[in-house]
2 protein chains.
Amino acid sequence: MATYFVSQGRDEIPRWREAFSAARLVAPAQARAWVTREDCVWVMADVEAWPGLVEVLRRSGAALAVMSYAPTPREAFQALDAGARAYVHALSPPEVLRQAALVITHQGIWVPPDLMARVVGGAFQALGGADRLREETLQRLTERERSVALAVVEGLSNKEVARRLGITERTVKAHLGAIFRKLGVRDRMQLVLRLSQREPQALETGH
Amino acid sequence: MATYFVSQGRDEIPRWREAFSAARLVAPAQARAWVTREDCVWVMADVEAWPGLVEVLRRSGAALAVMSYAPTPREAFQALDAGARAYVHALSPPEVLRQAALVITHQGIWVPPDLMARVVGGAFQALGGADRLREETLQRLTERERSVALAVVEGLSNKEVARRLGITERTVKAHLGAIFRKLGVRDRMQLVLRLSQREPQALETGH
DNA sequence: TCGGGTATTGGACCGAAGGACAGGCCGGGG
DNA sequence: CCCCGGCCTGTCCTTCGGTCCAATACCCGA
């Protein structure tokens, strides 16, 4: 099993070299040709179009890790989505780098613990969490109120909601009033924010 | 390092026992008391309130894995969110289980490859993809218009936006008018929908 | 049978939102 | 110098959104 390091320039990352003394430094183009399924490849996030490179290399079956000097949750996602199985700070201690290598060569995923929380938290919210909250919120409404709320959240005006549901605009307003009371929101704006995930609300504090 | 298995009943998972012959089967209550930071704990997803249990055990610093007979992306998130570092099918082959154990005891995360794609894919799209569009949209506005738009999307009223930016409510309306024209939306509702990802828009067709 | 929740509508009222029309100031080009 | 675009403001007016006070009708459990 060979270990490769792909970077834009010829940077030697000291900690990294310390961790993998037998590794080879290659250019993006070479990587595409040389890498095989048994290899472990480290890609610096300063390589242009690195997500594309990672995606290509992934097809070879190799274990891929992305390194960044300024890790962000977003970039972490980008890396994982492209097929990398690790996302680490470029200046991580050699023990950490070796640990990550061990993990990814065993089909595992390695992300710094601090990023982990945010990554998983974000992902969870994105997939299930937000929906669940939304559902719970909607369950507090009656059937009719739910219809109205959902229509309003689509951006329809009261008149449009009325047409869609075959009732008077007046009735829509009545339902909306009930919805606002039950959910404790002040207007339709806050309603869509509530039902579209997102922080509690960004109301002004000092009147 | 001890390996524990937490389950509701006294089920013996054959593949699991095969993988960890020296492991101990414990009840949820015992687990809370016995587990230490060096241990590796496997929790069956049929234990009632398993997410809570996982969260408690996580504080001990132990490596946690959740096993399910019917894995779903959603449950996977729930497990990871609770603090588990692995989520595997209860009937996985012993090699896989041992591999997962190796990974999680080295701070890695282990999720079945097929679930991985759906999990990361969905999350990335939700986190990163949407904002890119949002940024592109915002770039079409002038600096001031951007400020107004962002404030409006937070749910602030014109008056509140005016206070925040230190300008007149009239001016806020002027900026908003320009924003609506530029982005081709009819009102603030459509604006928040546009800037909060989500489908094109659900305008009425007729009339 | 009565009370309570739900669905529906009416009218009146008022503040928020948005458009029309008109200006003001400033800075960068042609 | 003039013109244009960004930014800021004003007045007038219309529509929309939300609330209050009622009222009718249905259904359902006590």
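The basis for the numbers below is simple: all heavy atoms, side chains too, and nothing from hydrogens, waters or symmetry mates. First the proteins, then the strands, lettered A, B, ... as listed; each starts at 1.
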Measure from the side-chain heavy atoms of [X] and tell me the nearest of [options].
X       : options                  : answer
E169(B) : dT9(D), dG18(D), dA17(C) : dA17(C)
I167(B) : dC8(D), dA17(C), dG10(D) : dC8(D)
S157(B) : dA16(C), dG10(D), dC7(D) : dA16(C)

Using Watson-Crick and G-U wobble pairs with both distances under 3.5 Å, what is the 5'-to-3' dot-bracket string of DNA chain C, with [ ] for crossing pairs and | for pairs outside the strand?
||||||||||||||||||||||||||||||

Given atom [atom1] of [X] and atom [atom2] of [N], what is their separation to the nearest angstrom?
X       : N       : atom1 : atom2 : value
E160(A) : dC16(D) : CD    : P     : 10 Å
R144(A) : dT9(C)  : CZ    : C1'   : 13 Å
K159(A) : dT15(D) : NZ    : C1'   : 8 Å

Between [N] and [X], is there an OP1 or OP2 to side-chain N/O distance shorter than 4.0 Å?
X       : N       : answer
N158(A) : dC16(D) : no
T168(B) : dC8(D)  : no
R170(B) : dT11(D) : no
R186(B) : dG18(C) : no

Remember a base hit wins even if backbone is also touched, and classify T142(A) as base, sugar-phosphate or nothing at under 4.0 Å, heavy atoms.
sugar-phosphate

Step by step, work out the side-chain contact (heavy atoms from CB on, under 4.5 Å) result for I167(B) and V172(B).
CA-CA 7 Å; I167(B) 56 183; V172(B) 172; 3.9 Å; yes

Flag for E145(A)-T142(A): side-chain donor and acceptor within less than 3.5 Å:
yes

Can you pull out the residues from residues 172-182 of chain A that lie within a 4.0 Å heavy-atom distance of DNA chain D?
K173(A), L176(A), G177(A), F180(A)

Let me see the working for W110(B) and Y87(B) under ring-ring contact (aromatic ring centres under 6.0 Å, His included), right down to the final yes or no.
CA-CA 7 Å; W110(B) 202 96; Y87(B) 178 74; 9.8 Å; no

